[in-house]
Amino acid sequence: AEILDVSDNGMRLAGFADRPVQQGDRCEISVETLNTTISHWATVRWVEPHPLIQVFGVEFDPLQD
């Protein structure tokens, strides 16, 4: 998926419609930088389906100490 927007507690993403996403789905978000890969679990909170893509919002799980 492509990152469209990032906030402190979630992201707005765009992904292809061939892999349907539904509200309540769990996913692992991995973002790669030059030196590091950051991963965090999240829950899909909303989905806007389109014929070729779907835009959806995820809320990050609380960080564990």
Side-chain angles (χ1 to χ4, degrees):
E2 180 179 339
I3 299 170
L4 301 177
D5 189 31
V6 179
S7 68
D8 289 339
N9 60 349
M11 290 181 156
R12 184 168 53 115
L13 304 163
F16 292 108
D18 62 340
R19 297 190 181 191
V21 176
Q22 296 181 345
Q23 186 176 8
D25 283 352
R26 302 272 300 141
C27 58
E28 184 176 15
I29 305 292
S30 295
V31 178
E32 294 183 24
T33 65
L34 294 176
N35 303 350
T36 308
T37 299
I38 300 167
S39 294
H40 200 76
W41 281 95
T43 301
V44 175
R45 293 298 177 204
W46 56 267
V47 180
E48 291 178 1
H50 299 279
L52 299 176
I53 67 166
Q54 52 194 341
V55 177
F56 56 99
V58 298
E59 181 180 25
F60 299 132
D61 288 359
L63 292 175
Q64 302 294 319
D65 291 333

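We're numbering straight along the sequence, starting at 1.
Residues Phe56 and Ala1 come closest through the heavy atom pair CZ-CB, 4.4 Å. Considering every non-hydrogen atom in both Ser30 and Ser39, the closest pair reads OG-OG, 2.9 Å. Across all non-hydrogen atoms, the minimal contact from Leu4 to Ala14 is CD1-CB, 3.8 Å.
His50 has its side chain within reach of Val55: a pair of non-hydrogen atoms, C-beta onward, lies under 4.5 Å apart. Side-chain contact between Leu13 and Ile29 is present, with at least one heavy-atom pair separated by less than 4.5 Å.
Other residues, nucleotides and ligands contribute over 12 non-hydrogen atoms within 6.0 Å of the CD atom of Glu28.
Under the 4.5 Å side-chain heavy-atom criterion for ILVMFWY residues, no single connected hydrophobic cluster contains both Trp41 and Val44. Under the 4.5 Å side-chain contact rule for hydrophobic residues, Trp46 and Val58 do not share a cluster. Val47 and Met11 fall within a single hydrophobic cluster, where Ile, Leu, Val, Met, Phe, Trp and Tyr are joined by side-chain heavy atoms under 4.5 Å apart, directly or via other members.
At least one donor-acceptor pair under 3.5 Å links the side chain of Gln54 to the backbone N or O of Arg19. At least one donor-acceptor pair closer than 3.5 Å links the side chain of Gln23 to the backbone N or O of Arg45.
Annotation: the span from Asp61 atom CG to Asn9 atom CG amounts to 11.5 Å, rounded to 0.5 Å.
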